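Each chain gets a letter, A, B and so on, in the order the sequences are listed, and its residues count up from 1. Since this is a predicted model, take the numbers as computed values, not measurements.
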There are 2 protein chains.
Amino acid sequence: MMADSIQTPSKRYRGSSAEERRAERRTRLVRAAVRTYGQRGYHNTSVKAVCEAAGLTERYFYESFANSEALLVACLRAVTQRLVAAVRDSAGGADTGPAGRVRRMLATYFTVLQRDPAAARVFLVEIGGVSPLVDQEFRQALGRFADAIADAWGLPPDGRDPLLLAGMVGGVMHLALAWAASGYARPLPQVVEAALRLCAVLGPAGEG
Amino acid sequence: MMADSIQTPSKRYRGSSAEERRAERRTRLVRAAVRTYGQRGYHNTSVKAVCEAAGLTERYFYESFANSEALLVACLRAVTQRLVAAVRDSAGGADTGPAGRVRRMLATYFTVLQRDPAAARVFLVEIGGVSPLVDQEFRQALGRFADAIADAWGLPPDGRDPLLLAGMVGGVMHLALAWAASGYARPLPQVVEAALRLCAVLGPAGEG
DNA sequence: TGCATCTGACAAGGGGTCATGTCAGTATGC
DNA sequence: GCATACTGACATGACCCCTTGTCAGATGCA
């Protein structure tokens with residue numbers, strides 16, 4: 001009755017421990033949030049709406065997240081990690097030089113964004129200025145993306161201008177947004193070529 | 001007593017007509033809004049706060065704007081119009097070829113943004129995804145900026161790729177944001193040169 | 001001076017959200 | 001079978017915001 005909550009007995013439920021259940025609920029919340037953000041926009045998405053989409057109650061929301069912003073950060077991390085990983089992976093394969101690598105990476109990037117336009121909109125546009133923490137997280141994600149491209153060009157780490165890198169990824173991002181705003185009117189290869197010209201500001205002068 | 005409100009008599013007050021007073025209140029609201037957005041961020045700025053900053057009551061807010069979004073659009077228009085005009089103006093003067101023109105325009109752009117970082121943050125970052133109307137307004141502003149640079153390059157209107165234009169301005173914008181995030185660490189000329197490399201994706205191949 | 005109009009201050013209804021609390025029902029381990 | 005811990009549904013209070021309304025006082029015009 002007194003001090004037996006020091007050890008968490010962690011009863012098993014439906015075949016999983018308390019920790020596992022908590023983790024699963026957390027995952028469900030993140031997934032539901034990404035979906036709901038995409039449908040209603042981040043600013044119009046309440047905690048209640050996310051919980052309903054996840055099939056959980058608000059009580060379980062505050063079990064895993066301090067507030068709405070914490071959930072957004074978790075979603076942002078999940079989404080960008082997957083995206084950057086996919087982009088990096090596509091750099092491998094049949095090697096056709098730096099330009100070929102970057103081309104494949106850009107194609108992957110645009111394809112992934114096109115696959116879920118709503119989510120892309122949320123995580124490229126809507127999160128701007130939500131909070132300093134989110135901003136910082138977003139900048140870091142862009143930085144990782146920029147590094148991936150610089151790596152593909154074969155640029156040595158000490159030969160990279162952070163400002164130019166930021167401009168380059170920002171440009172690719174806005175190119176993707178313009179493409180999306182047009183309803184993906186242009187064929188993918190054209191989009192990739194345009195983006196490649198932006199990326200080429202990093203690479204060696206002559207590049208085909 | 002019946003139908004004498006068809007004509008607005010418009011009494012004079014403090015030396016100005018009703019229309020003039022309304023317009024002046026509107027201007028004060030817009031100015032106060034830009035200031036308050038910069039201080040507290042758009043999403044944390046209530047109608048009440050703007051009115052207090054303007055030294056007016058909420059009653060006068062709804063006299064000029066249907067809602068908070070309408071005020072944001074008005075502010076966005078005012079700010080971007082001034083910015084684009086300043087950038088275009090700086091293209092003139094001692095002509096040193098396309099690259100010189102673009103350099104001067106970029107210098108103006110960065111200088112104006114640096115002069116009011118808070119406002120820049122609001123109107124470059126925070127307004128993303130506020131509403132479809134605001135998004136559209138913002139895209140148009142970016143388009144006008146892109147056109148100004150393309151004009152400075154001397155690019156014929158039919159030789160412009162909208163996608164590449166969008167990527168270019170987006171890149172310059174993000175470069176400015178990265179510069180601001182660094183606390184304006186780098187000297188302006190370096191920033192301008194980096195941005196010029198981005199802009200050069202539009203211009204003729206060889207450019208000094 | 002007197003009246004009509006405009007102004008600024010305040011109030012309040014209505015709505016929504018956040019975060020926490022309560023409680024009966026249910027699955028689990030013993 | 002029974003006690004225990006967990007779950008889901010609902011409820012609550014506090015807070016903030018939008019929007020409209022009221023009203024006394026100031027200001028200009030005749």
Mind checking side chain to side chain contact (heavy atoms under 4.5 Å, CB included) for B:Glu193 and listing every partner two or more places apart, or none if nothing turns up?
B:Arg103, B:Leu196
Less than 4.0 angstrom from a charged side-chain N to a carboxylate O is my criterion; do B:Lys48 and B:Glu58 meet it?
no
Check every strand shown and say whether B:Arg22 touches a base, only sugar-phosphate, or nothing at a heavy-atom separation below 4.0 Å.
nothing
The helix from C:dT1-D:dA30 to C:dC30-D:dG1: angle between terminal helix axes, five bp per end, to the nearest 10 degrees, reads 0°
Between P of C:dC6 and CD of B:Glu20, the distance in whole Å:
14 Å
Using a strict 4.0 Å threshold on nitrogen-to-oxygen distance, state whether B:Arg186 and A:Asp161 make a salt bridge.
yes
Under 4.0 Å protein heavy-atom contacts per nucleotide of nucleotides 17-23 of chain D, with B for base, S for backbone only and - for none
-SBB-B-
In this structure, how many angstroms lie between the P atom of C:dA19 and the CZ atom of A:Phe65, rounded?
13 Å
In whole angstroms, how far is the P atom of D:dC10 from the OH atom of A:Tyr60?
14 Å
Expressed as a whole number of angstroms, how long is the span from A:His43:NE2 to C:dT17:C1'?
16 Å
N/O donor to acceptor pairs below 3.5 angstrom from side-chain atoms of residues 65-94 of chain B, sequence neighbours left out:
| residue | atom | partner | partner atom | Å |
| --- | --- | --- | --- | --- |
| B:Asn67 | OD1 | B:Glu69 | N | 3.2 |
| B:Asn67 | OD1 | B:Ala70 | N | 3.0 |
| B:Glu69 | OE2 | B:Ser131 | OG | 2.5 |
| B:Arg77 | NE | B:Glu137 | OE2 | 2.7 |
| B:Arg77 | NH2 | B:Glu137 | OE1 | 3.2 |
| B:Thr80 | OG1 | B:Leu76 | O | 2.8 |
| B:Thr80 | OG1 | B:Arg77 | O | 3.3 |
| B:Arg88 | NH2 | B:Asp151 | OD2 | 2.3 |
| B:Ser90 | OG | B:Val87 | O | 2.7 |
| B:Ser90 | OG | B:Thr108 | OG1 | 3.0 |

B:Tyr184: what forms a ring pair (Phe, Tyr, Trp, His ring centres under 6.0 Å) with it, not counting sequence neighbours?
B:Trp179
Do you know which of B:Arg22, B:Glu20, B:Arg28 makes side-chain contact (heavy atoms from CB on, under 4.5 Å) with B:Glu24?
B:Arg28
Roughly, in whole Å, what's the span from CG in A:Leu71 to P in C:dT17?
15 Å
Mind calculating the distance between CZ (A:Arg28) and P (D:dG8) to the nearest angstrom?
7 Å
In whole Å, I'd like the distance from the CD atom of A:Glu52 to the P atom of D:dG8.
14 Å
Between A:Val201 and B:Arg197, which heavy-atom pair has the shortest distance, and what is it?
O-NH2, 2.6 Å
Atom-to-atom span, CG of B:Leu56 to C1' of C:dT7 - whole angstrom
10 Å
Taking only residues two or more places apart in sequence, or in another chain, which ones meet A:Glu63 in a side chain to side chain donor-acceptor pair (under 3.5 Å)?
A:Arg25
Which atom of A:Val125 lies closest to which atom of B:Gly129, heavy atoms considered
CG1-N, 3.4 Å
